[in-house]
Structures are given as C-alpha cells and as structure tokens.
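What follows is a single structure, written as structure tokens, with notes after it.
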Number of protein chains: 4
Amino acid sequence: MANIASEEKIARRKAEILAASIEVFSSQGFHKAGIADIAKQLNIGHGTIYRYFKNKRDIFNAILADLLGQMAEIVMQEPPTTDSLDEYAGQLQRIADGLLAIFNRDPRLARIAFYESLGVDPEATESVEHLLSVFAQFTEQYMKNGIEKGFLRSTMNSRVAANLVTAMLVETIKKVAAKDITDDQEIEAWRQEMIQFMIGGLGR
Amino acid sequence: MANIASEEKIARRKAEILAASIEVFSSQGFHKAGIADIAKQLNIGHGTIYRYFKNKRDIFNAILADLLGQMAEIVMQEPPTTDSLDEYAGQLQRIADGLLAIFNRDPRLARIAFYESLGVDPEATESVEHLLSVFAQFTEQYMKNGIEKGFLRSTMNSRVAANLVTAMLVETIKKVAAKDITDDQEIEAWRQEMIQFMIGGLGR
Amino acid sequence: MANIASEEKIARRKAEILAASIEVFSSQGFHKAGIADIAKQLNIGHGTIYRYFKNKRDIFNAILADLLGQMAEIVMQEPPTTDSLDEYAGQLQRIADGLLAIFNRDPRLARIAFYESLGVDPEATESVEHLLSVFAQFTEQYMKNGIEKGFLRSTMNSRVAANLVTAMLVETIKKVAAKDITDDQEIEAWRQEMIQFMIGGLGR
Amino acid sequence: MANIASEEKIARRKAEILAASIEVFSSQGFHKAGIADIAKQLNIGHGTIYRYFKNKRDIFNAILADLLGQMAEIVMQEPPTTDSLDEYAGQLQRIADGLLAIFNRDPRLARIAFYESLGVDPEATESVEHLLSVFAQFTEQYMKNGIEKGFLRSTMNSRVAANLVTAMLVETIKKVAAKDITDDQEIEAWRQEMIQFMIGGLGR
DNA sequence: TATGAATGAGCCTTCATTCAT
DNA sequence: TATGAATGAAGGCTCATTCAT
C-alpha cells in the first residue's frame with residue numbers, strides 16, 4: 001500500500017520533471033539547456049533530478065519515448081482495411097486529427113520531436129525516424145489495400161507514396177505546432193488541403 | 001593584383017575548410033564535432049581556422065548559406081508562368097532534378113541541411129526554414145498561375161498546397177541522399193511517384 | 001532497565017553497521033564505498049546509519065579504534081621482564097600469534113588497518129601510526145630489559161630496533177592476511193622465520 | 001629541430017606539473033587535492049594541465065612510475081653475487097643509502113608512495129606492491145647466493161626473509177622521510193641498526 | 001600568415017548529509 | 001526510531017576561442 005503511494009509519488013515527480021524539461025528543452029534547445037535550468041523551474045535542487053533520471057539524455061529520451069508512444073497509438077487504432085476512397089479519406093482525417101491534437105495540446109512537443117531530437121544524438125534521431133518509418137509502413141498497407149480494392153491508383157508505387165504521405169503529415173504537424181498558426185481556421189485549412197491533395201493531387 | 005591573388009588564396013582556403021567541415025559535421029554532428037577535428041583533416045593548426053571564420057557557428061552558417069544559395073538558384077530559374085498541367089509537371093520535374101542533383105553529388109549536404117541544422121541553433125533552423133518558405137512562396141505562384149489558367153484544381157488552398165509540395169520534395173531529397181538508396185532505379189521511382197502524386201493524388 | 005535494554009539494542013545496531021562497513025570498506029576502499037552501500041547490505045535506510053554514527057569517517061574511525069584496541073590488548077598482556085633469549089623468543093611468538101589470530105579471523109581488517117587507513121585522512125593514518133609507535137615503545141622496553149639482563153646485543157639502538165621489529169610483524173600480518181596465503185604451512189613458515197630472523201639475523 | 005625544442009618544452013611543462021602535484025598530493029592527499037590546487041600553485045589555468053595529462057589519476061601514476069623507476073634502478077645496480085657476509089652487508093648498505101637518498105632529497109615522495117598510493121586506486125597500490133615484490137625477489141637471490149656460499153644461515157626461508165628485509169627497509173625509508181627525523185645523526189642510527197639487525201639479529 | 005599553447009567558462013554528475021514524516 | 005527524499009557543495013573535465021610567437 002505504502003509502496004503504491006510511493007510509486008505514485010515517484011511517477012508524479014518524474015512527470016513534473018518531464019514537464020519542466022519539455023519547457024526548457026523546447027525553448028533553449030537540448031544542448032543549451034542545463035539541468036540547473038530544469039531544476040530552477042521546479043524550485044528544486046538540481047541533484048534531485050538525478051534521483052529520477054540517470055542523466056540529461058535519459059530525460060530527453062523519456063520525453064521522446066512518451067511522445068512517440070502516443071503517436072504510435074493513434075496510428076495503430078486504424079485498421080488498413082477501408083473499402084472506398086471516401087472511407088480512406090475519413091481514416092486519414094482521423095489519423096491526422098489524432099496527431100494534430102497531440103501537438104495542438106502542446107506545440108512544444110513538435111519542436112522536440114522534429115527539431116531538437118535531431119541534434120541530440122544519433123540514437124534520438126533514430127527513434128523518430130523509426131516511428132515515421134513504422135508509420136509509413138502502416139500507410140503502405142492502406143495503400144496496397146486501396147489498390148487491390150480498386151479505389152486507389154494502380155500505377156502507384158505504394159512504398160514511395162506512403163513516405164510522401166508521411167512527410168505531408170509531419171509537415172502539417174510542424175506548421176500547426178509553429179507559433180505562427182494559432183488560428184483554428186488556418187489549422188482547418190491545412191487539414192482539409194492535405195486530405196484533398198492526398199486524394200486528388202493538384203490537378204483539376 | 002597581389003590583392004587579387006591573395007583574395008583567391010583566401011577563397012581557396014575558405015573552401016578547403018568548408019569542405020573539411022562538411023565531412024566532419026555530417027559524420028559527427030555539429031555539437032560533437034570539434035574545431036580540432038576539422039583542422040586535423042586539413043593538416044593545419046586549429047588556430048588557423050579562426051583566421052578564416054569567426055567561429056564554429058560561422059563555418060556552419062557558411063556551408064548552409066552556400067547550399068541554400070545553390071538550391072535557390074535552381075528554383076529561381078523556373079518562371080511561374082506555365083500554360084498547362086503537362087508543362088507544369090515538366091517544370092516540377094526539372095526543379096526536382098536540379099535539387100536532387102545537388103544532393104546526389106554530395107549526400108552529406110542533406111544531412112547538414114535537413115538534420116544537423118535543426119539541432120544547432122534557432123538561427124540555423126531559421127535559415128533552412130526561410131529558404132523552404134521562399135521556395136513555397138515561389139511554388140504558390142506556380143499554383144496561382146495554374147488555377148487562374150484553369151489547369152489546377154480551383155478548390156486548392158494554394159499556400160498550404162505549396163508547403164505540402166515543398167515537404168514532399170524535401171522528403172524525396174532526404175531519402176535519395178540517405179545511404180539506403182544508391183540504386184538509380186529507386187531514385188527514378190521516387191522522382192516519378194512524387195510528380196504523379198503531386199499531379200493526380202492517390203485516387204484512381 | 002529499559003534503558004539498559006535500549007543501550008544493548010543500540011550497541012547491537014552499531015555492531016551490525018560496523019560489520020557491514022568492514023565488508024564494504026575492505027572490498028571497495030573507503031573513498032569508493034558509499035554510505036548507501038553499507039545500508040543496502042543491512043537492508044536498512046541509509047539515513048538510519050546517521051542515527052548511530054556522526055558521519056562516514058566516524059564509522060571508519062570506530063572500526064579502526066576497535067581493531068587497534070584489540071591489538072593493544074594483546075601486547076599489553078606481555079610484561080617486559082623476560083629473563084632469557086628463549087623466554088623472549090617465546091614472548092615474541094605469543095604476541096605474533098595473538099595478532100595473527102585477529103587477522104586470521106578476519107583478514108579484511110588488515111586491508112582496513114594497513115591499506116585503507118592510509119588513504120582516508122591524516123587523522124586515520126595517525127591512529128594506526130600511533131598504535132604502532134606505542135607497540136614499538138613497548139617493544140623497546142623488552143629490548144632494554146634484554147640488554148640490561150645481558151641476553152640481547154648491547155650495541156643495539158633499542159628504539160630503532162623496536163621499530164624494525166614492529167615493521168616485520170606488520171609485514172607478516174599483511175602477508176598472512178593477503179589472499180595469496182591460505183596455506184597453514186605457509187603461515188607457519190612466516191611465523192618461524194620472523195622469530196628466527198629477529199633473534200639471530202640472517203648471518204650464520 | 002623545432003620538434004626537439006618543442007618536445008623539450010613539453011617535457012619541462014610536464015615536469016613542472018608533476019613537481020607541483022607532488023607538493024599538492026603529499027600535503028593534501030590525493031582525494032582532497034584538486035586539479036585547481038595544482039594549477040593555482042603554478043599560476044596556470046587548470047585546463048592547461050589537461051593538455052599534458054589525461055586526468056588526475058594519470059598525474060598520480062606518472063609521479064609513482066617515475067619514483068618506482070628510480071627505486072628500481074638503485075636495486076638493479078647490485079649483482080646478487082657477493083662472496084662474504086661483510087660484502088653482503090656492504091651491498092645492503094649501498095642499496096639502503098641509494099633509496100634513502102631519493103627520499104631524503106624529497107621526503108614528500110615517501111608520503112606518496114607509502115601512504116597516498118594506497119587510497120587512490122587498486123592499480124596504484126598494485127604498482128607499489130609490485131615493485132616491493134620485485135625488490136623482494138632480488139633480495140631472495142642475494143639470500144640464496146649467501147646460503148649457497150655458506151655465509152648466510154642455512155635454516156633460512158629465503159623468500160620470507162627477503163620480504164622481511166624489504167619491510168625493514170621500507171620502514172626505515174618511512175621513518176627517515178617523516179618530518180620527525182631531520183637529524184642526520186638519527187638517520188645514521190637507523191641505517192646502522194638496520195644493517196646490524198639484518199646481519200646478526202637482536203641476540204648477543 | 002600560421003600555429004598551437006593557454007585559458008576558463010561552463011556543465012554534468014556524485015554523494016555525504018540533513019530532516020520532515 | 002527509521003526512513004529516504006531532497007539537497008547543493010564540490011570537482012573533474014571539455015573545448016571553443018584567444019593571442020603571443
């Protein structure tokens with residue numbers, strides 16, 4: 001019982017540190033950010049942080065892993081077995097909405113996942129790339145399903161297309177999370193155009 | 001006269017340092033790379049580097065500026081005044097080919113522009129983002145021209161679409177520059193699918 | 001009454017902590033050893049240790065004091081009033097046996113007294129040196145007694161000789177406590193040679 | 001040529017750092033001593049020290065290695081082939097004098113070799129123990145030679161005796177290097193008694 | 001112009017010790 | 001009495017940058 005309470009407390013502390021770290025890492029960048037900055041934000045001694053995380057990198061990894069986990073969950077929810085272009089568009093919409101919601105809730109995470117993670121460490125970069133590649137593999141299944149059922153272009157190179165779709169989605173996330181888009185109408189414009197573009201391209 | 005010769009010499013030295021820096025930054029990453037590593041590669045004293053560049057960041061900026069300049073030139077060559085979808089597709093193709101050629105010649109530049117630059121410094125990130133935004137603005141002109149002349153989808157949000165096209169292009173560059181694609185056939189697949197996707201989307 | 005019981009309990013706890021500390025200090029060395037390591041070995045909170053000892057050094061001092069006390073007792077038992085070389089040799093033998101018994105029982109104590117104590121602190125070094133000097137002073141009394149009674153060499157500088165005897169004894173203890181001598185026969189060889197050497201030197 | 005000058009300069013700097021380190025390590029102890037303390041003594045930046053030594057331990061090791069090398073040289077000079085007790089005594093005397101000279105020149109080295117080295121690191125301890133064991137092995141050869149030639153006691157366990165002689169020598173060094181003996185007469189007393197004791201023991 | 005020795009800001013990390021519970 | 005969460009002094013080490021030669 002005491003153990004459960006303690007574990008909860010530890011989890012809460014860890015979460016606090018992660019929250020402060022998200023702020024510090026996203027605003028200062030991983031390298032410029034100091035453990036002391038994180039501690040100062042929480043009004044705790046900097047030694048305390050080392051009771052919860054092995055080192056600075058460990059904190060960053062935890063943030064990243066948590067975020068990537070959330071993103072993965074969104075994608076995994078959608079089975080790659082739609083039966084029409086409309087259905088597929090709806091599915092794309094749901095995935096986009098799910099991911100956008102994460103970064104809309106906390107735009108600083110986009111900075112961490114798509115910018116900072118690239119300067120920390122080959123391993124961190126790899127984590128992100130890996131998730132995107134998994135996402136692309138999922139998407140490829142959607143494509144293959146669509147081609148088979150006849151509602152997607154048969155000339156498509158599904159693997160390449162899947163990567164392009166992923167890139168568009170990431171771009172949308174980055175733009176939505178950027179400070180220059182706080183307008184809901186603007187977000188809506190991105191959402192819609194992305195889907196339309198994916199489905200029908202630029203042509204008339 | 002002596003001045004010209006001297007200036008040439010300086011320019012050559014600068015170029016040598018930049019070349020070595022591309023190697024070092026792309027293989028070790030900006031933060032892990034040391035000025036000494038660059039100097040060692042050139043067999044010069046590391047103090048010498050500071051006679052040609054103000055500091056480490058300055059070297060990185062120079063690499064980036066040069067690269068971004070090359071990229072800009074490719075884009076600027078194409079006037080946003082095509083008259084048909086085919087013509088536009090051809091233009092897209094040429095731009096893509098031009099950019100791909102740069103990174104095909106030296107794939108390490110992709111690492112620097114699209115990975116390292118994001119972890120160095122807000123300013124470096126900004127440089128890249130700025131070029132891409134300029135690129136997107138150009139692209140937007142193409143779109144507007146196409147919509148006006150009736151060969152592009154009129155429901156399009158040209159600004160958003162331009163950004164998405166940019167993202168796809170960058171993704172293609174990253175993939176082509178990645179070591180996992182050395183196959184020319186594979187490159188061709190990316191080039192073609194990107195254009196097809198842009199023009200006609202995924203739908204049948 | 002409760003007080004007595006309590007005191008006993010305290011003493012027992014202290015003893016437990018000392019026992020664990022002997023293990024930790026002798027195996028890891030004073031500086032590398034952490035208070036937490038000692039606590040872990042006892043399955044108690046590391047804060048608890050500070051209820052019984054003022055600090056890390058205090059623990060070490062207690063171990064040392066206890067050990068040095070035991071050693072002193074052995075020596076004190078022998079009156080410096082033997083009447084012949086044989087008697088004196090026997091006395092030396094008893095002292096050596098007494099001391100060797102202590103370290104044979106727990107060889108880790110040799111590590112603590114003759115190795116670790118020297119790297120901890122000037123004060124700790126001083127404690128050991130002090131005991132050895134007391135021991136030497138005792139020995140000097142034996143010598144003077146022997147010279148007076150005519151069974152020890154009259155040319156002897158008794159103070160210096162006493163120190164040399166002490167050094168030989170300590171060396172024997174160190175070797176016996178070292179892991180490389182587990183053989184009883186080997187221990188016997190040291191004991192005998194030390195006494196023979198002391199009495200008659202190396203000469204024929 | 002420039003290289004030679006440079007190497008010399010480097011060697012001088014290294015020597016300066018070692019000299020300062022001997023002072024700092026012997027007075028404060030290895031663990032309490034800080035790199036900054038050494039740098040302060042030399043009025044140089046502490047970063048400079050790292051241009052000449054890999055780390056703090058490396059400095060200590062260099063001091064120790066140098067000292068142990070000097071000691072080894074003294075011993076190696078004496079061939080284990082004396083022909084009489086007197087000759088052997090003379091040889092012992094020379095070795096003792098040689099070693100004592102080292103520590104008389106700089107008594108702080110005794111602190112480092114016989115005290116500090118034991119608290120730094122198992123490896124450092126090992127270095128010293130190793131030299132002493134080599135010394136003892138040499139001594140054993142002297143003993144065996146003496147026994148064979150009949151001028152040393154045939155009942156002797158030469159290995160054990162060699163270790164005891166080593167211990168006496170080290171004890172003499174420690175005492176001579178200790179501050180309490182600055183008196184030359186006192187040093188002489190130790191030298192003589194050690195030899196007499198070794199040769200003839202305590203007995204009359 | 002080239003060099004590389006010197007510098008010291010800066011930062012991560014450890015761990016003995018304290019103290020509220 | 002026992003605990004272990006919190007603390008922060010302390011220090012080793014790196015490396016971009018400077019500058020005397």
Side-chain angles (χ1 to χ4, degrees), chain A residues 2 5-6 9-10 12-13 17 30-40 42-59, chain B residues 6 9-10 13 30-40 42-59, chain C residues 6 9-10 13 30-40 42-60, chain D residues 2 5-6 9-10 12-13 17 31-40 42-59:
Chain A
S6 171
K9 225 174 161 182
I10 288 176
R12 212 177 315 139
R13 222 5 164 199
I17 293 171
F30 179 82
H31 284 100
K32 225 205 128 197
I35 290 291
D37 297 319
I38 298 169
K40 205 171 297 167
L42 292 170
N43 272 323
I44 63 174
H46 65 269
T48 305
I49 290 175
Y50 286 88
R51 292 185 50 76
Y52 297 90
F53 294 93
K54 223 176 92 239
N55 53 35
K56 192 179 164 184
R57 269 257 333 264
D58 193 32
I59 301 174
Chain B
S6 169
K9 222 174 158 186
I10 288 177
R13 225 355 168 211
F30 179 81
H31 283 101
K32 226 205 130 197
I35 289 291
D37 297 320
I38 297 169
K40 202 172 299 166
L42 293 170
N43 272 324
I44 62 173
H46 64 271
T48 305
I49 290 175
Y50 285 87
R51 299 193 54 75
Y52 296 90
F53 294 94
K54 222 179 90 230
N55 54 35
K56 192 178 166 186
R57 268 267 327 272
D58 193 31
I59 300 173
Chain C
S6 168
K9 222 174 158 186
I10 288 177
R13 212 24 153 192
F30 179 80
H31 283 101
K32 227 206 127 195
I35 289 291
D37 296 320
I38 299 169
K40 204 173 296 170
L42 292 169
N43 272 324
I44 63 174
H46 65 269
T48 306
I49 290 176
Y50 284 87
R51 300 192 55 76
Y52 296 91
F53 294 93
K54 219 177 92 233
N55 54 35
K56 191 178 166 186
R57 271 263 329 272
D58 194 30
I59 299 173
F60 191 85
Chain D
S6 168
K9 223 175 163 184
I10 287 176
R12 210 178 317 138
R13 223 0 166 201
I17 292 171
H31 283 100
K32 225 205 131 199
I35 290 291
D37 297 320
I38 298 169
K40 207 172 295 168
L42 292 169
N43 270 327
I44 62 173
H46 65 268
T48 304
I49 291 175
Y50 286 90
R51 290 184 53 75
Y52 297 90
F53 294 94
K54 223 177 88 239
N55 54 35
K56 192 179 165 185
R57 270 257 333 265
D58 193 31
I59 300 174

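No hydrogens, no waters, no symmetry mates; every other heavy atom, side chains included, goes into these values. Since we're looking at a predicted model, the values are computed, not measured. All chains are named by letter (A, B, ...) in the order of the sequence lines, taking the proteins before the strands, and each is independently numbered beginning at 1.
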Atom-to-atom span, [atom1] of [X] to [atom2] of [N] - whole angstrom:
X	N	atom1	atom2	answer
A/Lys40	F/dT7	NZ	C1'	16 Å
A/Ile49	F/dG8	CD1	C1'	13 Å
D/Ile44	E/dG8	CD1	C1'	12 Å
A/Asp37	E/dC11	CG	P	8 Å
D/Arg13	E/dA6	CZ	C1'	8 Å
B/Asn43	E/dA2	CG	P	14 Å

- Nearest-0.5 Å distance, CD1 of residue D/Ile17 to OH of residue D/Tyr50: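 Atom-to-atom, D/Ile17:CD1 and D/Tyr50:OH are 11.0 Å apart.
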- Message: Could you measure the distance from the CD1 atom of B/Ile44 to the OH atom of B/Tyr52? Nearest 0.5 Å is fine.
- Response: 8.0 Å
How close do [X] and [Y] get, heavy atom to heavy atom, and via which atoms?
X	Y	value
D/His46	D/Ala36	CB-CA, 4.4 Å
C/Lys32	C/Asp37	O-OD2, 4.2 Å
A/Lys56	A/His31	NZ-O, 3.6 Å

- Mind running side chain to side chain contact (heavy atoms under 4.5 Å, CB included) on D/Ile59 and D/Ile35 for me, showing each step along the way? CA-CA 10 Å; D/Ile59 300 174; D/Ile35 290 291; 3.9 Å; yes
- Intra- and interstrand pairs of DNA chain E - dot-bracket, Watson-Crick/G-U under 3.5 Å, | marks other strand: .||||||||||||||||||||
- Task: Between protein and nucleotides 11-21 of chain F, map the contacts as a letter string: B base, S sugar-phosphate only, - none, heavy atoms under 4.0 Å, written 5' to 3'.
- Result: -SBB-SBB---
- For B/Tyr52, report the nucleic acid contact type (base, sugar-phosphate, nothing); a contact means any heavy atom under 4.0 Å.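 The residue B/Tyr52 makes sugar-phosphate contact but no base contact.
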- With C/Arg57, which residues qualify under side-chain hydrogen bond (donor to acceptor under 3.5 Å, both in side chains), at least two apart?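 Counting only residues at least two positions away or on another chain, C/Arg57 forms a side-chain hydrogen bond (donor to acceptor under 3.5 Å, both in side chains) with C/Asp121, C/Glu123.
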- Any idea how C/Phe30 and C/Phe60 line up, ring-wise: parallel (<30°), tilted (30 to 60°), or perpendicular (>60°)? perpendicular
